[in-house]
Amino acid sequence: MTSLDVVDSRFDFGPLHAAMQKYVDKELLAGVSSAVLVGQDLVDVQCTGWADREQQTELTTDHIFRVFSNTKLMTSMGILMLMEAGQLALDDPIETYLPQLANRRVLEPDATVISQARPATHAITIRHLLTHQSGLTYSFMDPGSLISKHYTALDIGGPDYSNSDLIDMLEDVPLMFDPGSNWGYSHATDVLGRLIEVLSGQSLGAFLKARIFDPLAMIDTGFWVPEADQDRLVALYKGADLMAPMTPGLTAVKDYPKPDIYLRPYARESGGGGLVSTLPDMLRLMRSLMPGGNALLKPETLAMMTVNQLPEGRFIRFAGIGEMAGNGFGLASGISLAPLRYQNDSVIGDVWWGGIAGTQWWFSPKHNYAGLLMAQRNMAFLHPFAAELKRAISDAVVN
């Protein structure tokens with residue numbers, strides 16, 4: 001098992017560990033791991049519950065997680081590296097590099113067929129893609145909508161299609177809104193993954209390995225798990241009731257989105273959500289973003305990542321949830337501008353994001369600490385467990 005050296009500290013993480021155990025005992029999570037950095041010091045690591053509940057396999061720091069949208073951080077860092085090298089500028093139109101995405105059209109608000117669209121007022125820029133202001137979407141964001149049904153029918157983002165195929169598939173698909181006029185979570189970072197391939201001449205996986213994973217010794221991070229390590233891949237679960245997330249009960253999910261999706265290479269290496277990783281690997285990545293770490297980006301670029309890129313009064317929003325007032329978005333992730341109802345003022349300035357199955361990362365430039373949560377419950381990006389555990393870490397470190 002990977003050894004993680006924890007520094008003795010004055011911080012009391014007892015409430016955090018108790019809360020983690022509570023979510024396991026109540027059958028809301030099969031297992032959950034956490035880690036906390038203060039500066040470069042690792043001050044707490046905890047693994048609670050099961051990697052596989054049915055097999056009674058205890059969760060350890062060696063276990064491999066599907067990190068889903070945590071992938072966006074690494075892909076976005078790759079884009080910023082290419083920016084630093086002078087290979088692109090953030091306000092370049094994406095059609096400069098991916099001509100299929102020129103001449104965008106926007107779906108009319110009252111459209112009943114997908115062809116009811118008008119010309120977009122602006123081209124999509126790289127900055128729009130980094131900040132999810134491109135007008136693209138995900139099929140799961142609003143499943144009953146016309147555009148989501150169209151994405152589903154085309155299998156946009158399907159694993160059997162390469163990143164190059166994805167761009168071809170998007171060529172004739174209308175946008176949800178004019179680029180730069182709104183915020184919408186989407187395949188934007190997958191488009192950036194293809195941009196990396198075009199500019200680097202490498203596959204996305206090869207680029208990320210050479211530029212991020214190898215320099216940081218992220219030995220267990222990639223787009224699939226080698227056969228020798230597959231016994232370390234944690235089981236994925238779904239809750240008893242998607243609309244009532246605190247209802248006890250978990251069911252193992254064997255086929256999401258395909259049974260062997262992380263067990264062999266597929267055509268698509270998703271820059272928006274395709275990676276697997278471990279707690280130690282994610283710690284190495286977090287350390288690279290913190291002062292005194294093995295930085296892969298220039299100080300000025302790291303500083304840019306902590307700045308909200310959305311216009312005043314615009315916040316992130318999700319279908320079925322609504323606007324998350326107080327949360328902006330930077331060049332790779334969310335930016336906390338004001339506390340939500342379950343938070344306190346210590347979160348202001350936090351840089352954060354996570355995956356749909358409950359893997360979350362964040363760091364606080366103001367308080368010089370970072371946190372990680374690793375869980376595997378599908379559709380748990382905004383599950384209450386994350387809010388409670390993040391609050392417990394904040395209370396221990398900041399207060």
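A donor-acceptor pair shorter than 3.5 Å cannot be found between the side chains of T60 and D62. For the residue pair T125/R127, the side-chain donor-acceptor check at 3.5 Å is not satisfied. Judged purely by distance below 3.5 Å, without hydrogens or angles, the side chains of T301 and E84 pair a donor atom with an acceptor atom. Side-chain N/O atoms of Y262 and Q230 include no donor and acceptor closer than 3.5 Å. Inspection of the Y237 and E54 side chains reveals an N or O donor paired with an N or O acceptor under 3.5 Å. For the 3.5 Å distance criterion, the side chains of D142 and S148 fail to qualify, holding no donor opposite an acceptor. Between S69 and Y185, the side chains place a donor N or O and an acceptor N or O closer than 3.5 Å (distance only, hydrogens not considered). Side-chain contact of H17 with D44: a donor-acceptor pair under 3.5 Å is present, judged by distance alone. Q376 and R66 form a side-chain donor-acceptor contact under 3.5 Å, judged by distance and modelled atom types alone.
No donor-acceptor distance shorter than 3.5 angstrom exists from the side chain of K26 to the backbone of P248, with no hydrogens or angles considered. Side-chain atoms of T96 never come within 3.5 Å of backbone atoms of D92 as a donor-acceptor pair (strictly under, hydrogens ignored). Side-chain atoms of R314 come within 3.5 Å of backbone atoms of S181 as a donor-acceptor pair (strictly under, hydrogens ignored). The closest donor-acceptor contact from the side chain of D41 to the backbone of V43 lies at 3.5 Å or more, if one exists at all. A donor-acceptor distance shorter than 3.5 angstrom exists from the side chain of S76 to the backbone of K72, with no hydrogens or angles considered. A donor-acceptor contact shorter than 3.5 Å is absent between the side chain of D229 and the backbone of P226. With hydrogens and angles disregarded, a donor-acceptor distance shorter than 3.5 Å links the side chain of Q343 to the backbone of L340.
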Starting from the C-alpha separation in whole Å, work towards a yes-or-no answer on side chain to side chain contact (heavy atoms under 4.5 Å, CB included) for E388 and K22.
CA-CA 11 Å; E388 182 173 349; K22 175 187 71 175; 2.7 Å; yes
Apply side chain to side chain donor-acceptor pair (under 3.5 Å) to T75 and T189, showing your working.
CA-CA 7 Å; T75 302; T189 320; over 6 Å; no
Going through the distances and angles, do E27 and R53 end up as a salt bridge (Lys or Arg N to Asp or Glu O under 4.0 Å)?
CA-CA 10 Å; E27 297 189 10; R53 211 168 60 132; 3.8 Å; yes
Side chain to side chain donor-acceptor pair (under 3.5 Å) between Q100 and D168, intermediate numbers included
CA-CA 6 Å; Q100 301 96 316; D168 291 338; 2.9 Å; yes
Derivation and outcome, side chain to side chain contact (heavy atoms under 4.5 Å, CB included), residues V191 and L98
CA-CA 9 Å; V191 173; L98 303 175; 3.8 Å; yes
Just do the side chain to side chain contact (heavy atoms under 4.5 Å, CB included) check on M81 and L297 with the steps written out, would you?
CA-CA 7 Å; M81 290 174 180; L297 294 167; 3.7 Å; yes
What's the verdict on salt bridge (Lys or Arg N to Asp or Glu O under 4.0 Å) for K366 and D350, showing C-alpha distance, side-chain angles and the deciding distance?
CA-CA 8 Å; K366 180 179 179 181; D350 283 6; over 6 Å; no
H187 vs T137, side chain to side chain contact (heavy atoms under 4.5 Å, CB included): CA-CA, chis, key distance, verdict:
CA-CA 6 Å; H187 282 288; T137 189; over 6 Å; no
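Side-chain contact between Q360 and F381 is present, with at least one heavy-atom pair separated by less than 4.5 Å. Side chains of V276 and W224 form no contact here, defined as non-hydrogen atoms less than 4.5 Å apart. In this structure, I261 and Y266 have side chains that are in contact, with non-hydrogen atoms separated by less than 4.5 Å. Contact of the I126 side chain with the D91 side chain is not registered, since no non-hydrogen atoms from C-beta on lie closer than 4.5 Å. The side-chain heavy atoms of T112 and Q116, taken from C-beta on, include a pair separated by under 4.5 Å. In this structure, L136 and L129 have side chains that are in contact, with non-hydrogen atoms separated by less than 4.5 Å. Side-chain atoms of H383 and P245, non-hydrogen and from C-beta on, do get closer than 4.5 Å to each other. The side-chain heavy atoms of V36 and F13, taken from C-beta on, include a pair separated by under 4.5 Å.
Linking ILVMFWY residues whenever their side-chain heavy atoms come closer than 4.5 Å, directly or via other members, places L389 and V397 in the same cluster. In the hydrophobic cluster analysis, where Ile, Leu, Val, Met, Phe, Trp and Tyr join through side-chain heavy atoms closer than 4.5 angstrom, I219 is grouped apart from I64. Linking ILVMFWY side-chain heavy atoms closer than 4.5 Å, directly or via other members, places V398 and I348 in two distinct hydrophobic clusters.
In plain terms, the two heavy atoms of Q133 and T131 that are nearest each other are NE2-OG1, 2.9 Å. Minimum heavy-atom separation, L16 to A392: CA-CB, 3.8 Å. The heavy-atom pair separating T359 from V67 by the smallest distance is OG1-O, 3.3 Å. In this structure, L154 and M169 approach most closely via the heavy-atom pair O-CE, 2.8 Å. For V173 against R104, the heavy-atom pair with the smallest separation is O-NH1, 3.3 Å. Heavy-atom minimum distance, L107 versus V113: CD1-O, 4.1 Å.
A salt bridge between D281 and R284 is present, with a side-chain N of the basic residue lying under 4.0 Å from a carboxylate O of the acidic one. Salt-bridge check for R105 with D178: failed, with every basic side-chain N at 4.0 Å or more from each acidic carboxylate O. Between R194 and E197 there is a salt bridge, since at least one side-chain N of the basic residue sits less than 4.0 Å from a carboxylate O of the acidic one. By the 4.0 Å N-to-carboxylate-O rule, R268 lies close enough to D190 to be salt-bridged with it.
Looking at F363, W362, F329 one by one, the single match for ring pair (Phe, Tyr, Trp, His ring centres under 6.0 Å) with W353 turns out to be F329. Partner of L82 under the side chain to side chain contact (heavy atoms under 4.5 Å, CB included) criterion, chosen from L88, L195, L192: L88.
Here M379 contributes atom CE and Y256 contributes atom OH; the two are 6.5 Å apart, rounded to the nearest 0.5 Å. For the atom pair CG of N378 and CG of L250, the computed distance is 11.5 Å after rounding to the nearest 0.5 Å. Rounded to the nearest 0.5 angstrom, L37 CG and N368 CG are separated by 9.5 Å. Here the OG-CE distance, from S364 to M290, works out to 8.0 Å after rounding to the nearest 0.5 Å. Of the inter-residue distances, the one linking D155 atom CG with S139 atom OG reads 8.5 Å to the nearest 0.5 angstrom. The distance from atom CE of M286 to atom CG of L372, rounded to the nearest 0.5 Å, is 6.0 Å.
For W183 and F315, the ring centers sit 6.0 Å or farther from each other.
The number of heavy-atom neighbours closer than 6.0 Å to OH of Y97, taken from other residues, nucleotides and ligands shown, is above 12.
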